[in-house]
**Q** 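Below is a structure I'd like to ask you about.
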Protein chains: 2
Amino acid sequence: MASGSARSCLEEAAALGSAPPVSYEESTMPPVDRSVVADLALFAGLGPAELDEVLREARSIRYPKDSAVFHQGAEADAFFVLLHGHLRVEKTTPQGQQIVVRYVSPGEIFGVAQALALKHYPATAVAAVDSIALCWPSAAWPRLTSKFPSLAANALQTVGSRLQDTQARVIEMSSEQVEQRVAHALLRLANQAGRKIETGVEIDFPISRQDVAEMTGTTLHTVSRILSAWEQRGLVEGGRQRIVLRDPHKLFALAEGRVPSERSGG
Amino acid sequence: MASGSARSCLEEAAALGSAPPVSYEESTMPPVDRSVVADLALFAGLGPAELDEVLREARSIRYPKDSAVFHQGAEADAFFVLLHGHLRVEKTTPQGQQIVVRYVSPGEIFGVAQALALKHYPATAVAAVDSIALCWPSAAWPRLTSKFPSLAANALQTVGSRLQDTQARVIEMSSEQVEQRVAHALLRLANQAGRKIETGVEIDFPISRQDVAEMTGTTLHTVSRILSAWEQRGLVEGGRQRIVLRDPHKLFALAEGRVPSERSGG
DNA sequence: TGCGCGATTTGCGTCAGGACAACGTTCTGG
DNA sequence: CCAGAACGTTGTCCTGACGCAAATCGCGCA
């Protein structure tokens, strides 16, 4: 609900185009240096000159923690690549319940609604920590992809792997107990945003029990209970909006189905 | 497990190329006439000549009911477009449980694993009724998309809308009761494969309670109970591997959350 | 340093829905 | 026409997870 204080991509662009006294940086500073994106998967296969051409239309925008990059239902006027930070992508059901769809990590393309023939963003993206993203107007997408087919191919792969993830999640929700789903969710988070510390792997951004509940289709109460039990067994280490996996291997075994949670039997 | 008796796409192609006494049809018959695919969304934007070029590499294959088009885990050596019939796409969990991922309707592209950078099919596709599909070797995909960028764009939209559907399903499973999920599943099926008959809308292919259970993450027992209750209330009409929606509107209301199932309270 | 709010923990009651079991019904093949 | 199998229906029991509610903790801010 805290509507972002950050300007949207198009507002930036409009300001750039219309402001009569164009400042030095705005007129001549390349929006982004290609070194920061040269090895992103999305741009694999593009030469330096081509990269510059693509980046010429981009703007770099900073999103403070808890600000929204875009809102569910808003007109999809831009697409993005995350450079730094982490975003939480969430959907709200007609009944008002929120669901965390996924987290975006640096290097990922997101908000490509226009490429999927959507006129509006299907979800809301919120900065979980201070973040920086590149941003292009949606109108640039057809032009860029027709000129650089590898962009479309790479985007297709990205969307495809996202589809795989989402289907995996459907399967988890169909076939697994809550405890296994939570384990899977944490492992996935650690995998894509884990930071190795002495006592294990820490998830690199603030995440509440509520967030985990919204990722796994359960309630914060249940998540809290599960994490408490795991903490007693030395599997994880909790804290305010903080989770450390102390024994990812054992957690994985638990996620896979064996290793009963509490039961004495077996 | 009934491994299809149908030849795979590549076996067909190999047979075509290597069989010494090439028969008349095999050597000269165009694999498919463009009239049968001219108005498929996938090929929107291609001229007749281009269409012919794309179709030149395709083969048309018939899949009898219950035969597999491809198996989960098999090498992804082809991609397909369904011309006629209906396919059930299912995944098997490591624990052996099966999940129905979706149904494929005529006109849809499927099995594009290669485009998503997968070497193996992530799911199994089985003909729910006798079906016919066009089939291209996976190797043709990069060539075709680089020559006809609209193909990639269209595929991206297809995969994107599939992603939307899957996410919608995740949200349903997170936030809805079993009964609502079953209602949603039936409405979706009716929507994409419904046939209007006197008493309502019939789902156009054989579908068992087990199948519905695998779509909604529940058990066939629960599905059976729910359908029985609905039948008593005149919402649906059952039968062996057959479901007719007699009152889609009321079913929709039920799926949306209001209209309690049984409760007497108000 | 003390206050206040949001995050977290935890106990308890309840119930939807899964497990088990038995039976009825409709196809299929000989 | 009959046997057998696959599909579907129903009843009973039981458990895991949700809802409610209250206590507690920890961080940020003044």
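Here is how names work: the chains are called A, B, and so on, in the same order as the sequence lines, proteins then strands, and each is numbered from 1.
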**Q** Is B:Arg181 salt-bridged to B:Glu172, going by a charged N under 4.0 Å from an acidic O?
**A** no
**Q** In this structure, how many angstroms lie between the P atom of D:dT9 and the CD atom of B:Gln232, rounded?
**A** 11 Å
**Q** Classify the ring geometry between B:His86 and B:Phe205 as parallel (under 30°), tilted (30 to 60°) or perpendicular (over 60°).
**A**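 B:His86 vs B:Phe205 ring planes: tilted.
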**Q** To the nearest 0.5 Å, tell me how far B:Leu83 CG sits from B:Leu134 CG.
**A**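 Atom-to-atom, B:Leu83:CG and B:Leu134:CG are 4.0 Å apart.
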**Q** Take atom CD1 of B:Ile243 and atom C1' of D:dC7, then tell me their distance rounded to the nearest Å.
**A** 13 Å
**Q** Among D:dG16, C:dG18, C:dT10, which is the nearest nucleotide to the side chain of A:His221?
**A**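 Side chain of A:His221 sits closest to C:dT10.
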**Q** Using a distance-only criterion (donor-acceptor N/O pair, under 3.5 Å, no hydrogens), is the base of D:dG11 paired with the side chain of B:Arg225?
**A** yes
**Q** Parallel, tilted or perpendicular: which one describes the rings of B:Tyr63 and B:Phe80, with boundaries at 30° and 60°?
**A** perpendicular
**Q** Could you tell me the separation between the CD atom of B:Gln192 and the CG atom of B:Leu187, rounded to the nearest 0.5 Å?
**A**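 It is 12.0 Å, given to the nearest 0.5 Å.
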**Q** What is the nucleic acid contact for A:Ser208, judged by heavy atoms within less than 4.0 Å: base, sugar-phosphate only, or nothing?
**A** sugar-phosphate
**Q** What is the distance from NZ of B:Lys65 to C1' of C:dC27, rounded to the nearest Å?
**A**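 Going from B:Lys65 (NZ) to C:dC27 (C1'), I get 12 Å.
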**Q** Does DNA chain D take part in any stems of at least 3 consecutive Watson-Crick or G-U pairs (both distances under 3.5 Å), and if so, which ones?
**A**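 In DNA chain D, stems of three or more pairs: C:1-30 with D:1-30.
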**Q** Calculate the interatomic distance between A:Glu231 atom CD and C:dA7 atom P; express it in whole Å.
**A** 18 Å
**Q** Given D:dA17, is OP1 or OP2 found less than 4.0 Å from the side-chain N or O atoms of A:Thr219?
**A** no
**Q** Does a side-chain N-to-carboxylate-O contact under 4.0 Å join B:Arg102 and B:Asp165?
**A**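 Judged by the 4.0 Å cut-off on N to carboxylate O distance, B:Arg102 and B:Asp165 do not form a salt bridge.
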**Q** Of the options C:dG6, D:dG8, D:dC18, whose atoms approach the side-chain atoms of A:Arg240 most closely?
**A**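 Closest of the options to the side chain of A:Arg240: C:dG6.
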**Q** Indicate whether OP1 or OP2 belonging to D:dT10 is found under 4.0 Å from a side-chain N or O atom of B:Ser228.
**A** yes
**Q** Between A:Arg209 and C:dT9, does any side-chain N or O lie under 4.0 Å from OP1 or OP2?
**A** yes
**Q** Round to the nearest Å and state the distance from A:Gln177 atom CD to D:dA17 atom P.
**A** 5 Å
**Q** Checking contacts here: which listed nucleotide (D:dG8, D:dT9, C:dG17) is nearest the side-chain heavy atoms of B:Thr222?
**A**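 The closest nucleotide is C:dG17.
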**Q** What is the distance, rounded to the nearest whole Å, between atom CG of B:Leu227 and atom C1' of D:dG8?
**A** 10 Å
**Q** Look up atom OG in A:Ser175 and atom CD in B:Gln97, then write down how far apart they are to the nearest 0.5 Å.
**A**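 Atom-to-atom, A:Ser175:OG and B:Gln97:CD are 5.0 Å apart.
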**Q** Please report the distance, rounded to the nearest Å, between CG in A:Leu220 and P in C:dG6.
**A**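 In whole Å, C:dG6 P and A:Leu220 CG are 15 Å from each other.
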**Q** Answer yes or no: does a side-chain N or O of B:Thr218 lie under 4.0 Å from OP1 or OP2 of C:dG18?
**A**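 Indeed, a polar side-chain atom of B:Thr218 lies that close.
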